[in-house]
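Labels below follow one simple rule: chain letters A, B, ... track the order of the sequence lines, proteins then strands, and each chain is numbered from 1. All figures in this text were calculated on a predicted structure; none of them were measured in a lab.
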There are 2 protein chains.
Amino acid sequence: MSFANTPAPPYYAVIFTSQRTETDAKGYDSTAHLMVKLASKQDGFLGLESSRDQNGLGITVSYWESLEAINRWKEHISHQKAQEKGKKDWYSAYITRICKVERDYSFSE
Amino acid sequence: MSFANTPAPPYYAVIFTSQRTETDAKGYDSTAHLMVKLASKQDGFLGLESSRDQNGLGITVSYWESLEAINRWKEHISHQKAQEKGKKDWYSAYITRICKVERDYSFSE
């Protein structure tokens with residue numbers, strides 16, 4: 001996973017901060033991989049950045065053209081199933097924040 | 001590091017996605033620790049979440065009451081010095097995105 005190649009603002013971001021349980025690493029990894037693949041095929045998807053540390057605290061930020069695109073992805077049936085499984089098994093806690101990106105700047109060597 | 005206990009939206013988020021070099025782990029860790037401590041003392045600071053994976057890709061999100069608070073922290077002299085050192089030694093690339101958080105929701109067991 002690396003940097004998302006987002007367009008000039010404004011666009012939208014979903015910040016998903018989560019604490020993994022130690023349950024079902026294989027099922028989690030497989031579904032997480034599938035969800036990234038599926039999200040990236042949705043209309044209005046702009047990119048995704050993700051990091052999880054050794055203590056299981058992760059931040060995934062997905063970028064979208066509009067709030068409508070974010071809502072459609074939230075309601076996607078496969079994503080809904082993954083969200084249910086997430087609450088049941090994979091996460092002890094999470095926070096989702098829906099944001100409008102107003103400015104950005106970058107650096108690379 | 002854990003979840004930021006942010007208030008009801010709206011508030012602001014700075015998403016800082018970065019790739020660490022393999023340079024100067026000790027100096028980096030010490031300055032990163034200091035910057036978190038210093039940021040948390042600034043007017044308008046609401047909280048911070050941070051994760052870096054085994055490949056050195058990290059996402060840090062800091063939360064703020066206003067764009068003015070974000071700008072003041074960006075211009076803070078100790079933070080400016082850390083930013084210079086970041087470009088010179090610690091990061092091969094980064095993207096900073098300034099966002100307005102419009103909605104949030106959470107789950108915990």
Cluster check [X], [Y]: I/L/V/M/F/W/Y, side chain < 4.5 angstrom:
| X | Y | answer |
| --- | --- | --- |
| A:Val36 | A:Leu46 | no |
| A:Tyr63 | A:Phe3 | no |
| A:Val61 | A:Trp73 | no |
| B:Tyr28 | B:Met35 | no |

Checklist entry - For chain A, which residues of residues 95-109 of chain B have at least one non-hydrogen atom nearer than 4.5 Å to it? => result B:Ile95, B:Thr96, B:Arg97, B:Ile98, B:Cys99, B:Lys100, B:Val101, B:Glu102, B:Arg103, B:Asp104, B:Tyr105, B:Ser106, B:Phe107, B:Ser108, B:Glu109
Checklist outcome for this item: One should read off an interatomic distance between B:Ser51 OG and A:Leu57 CG, to the nearest 0.5 angstrom, of 5.5 Å
Checklist entry - Rounded to the nearest 0.5 Å, what separation is found between the OG atom of A:Ser50 and the CD1 atom of B:Ile59? => result 6.0 Å
Next on the checklist: Can you confirm whether more than 12 heavy atoms, excluding those of A:Asp29, are under 6.0 Å from its CG atom?
Outcome noted: yes
Next on the checklist: Sub-4.5 Å heavy-atom contacts with chain B: which residues of residues 12-24 of chain A show up?
Outcome noted: A:Tyr12, A:Ala13, A:Ile15, A:Thr17, A:Ser18, A:Gln19, A:Thr21
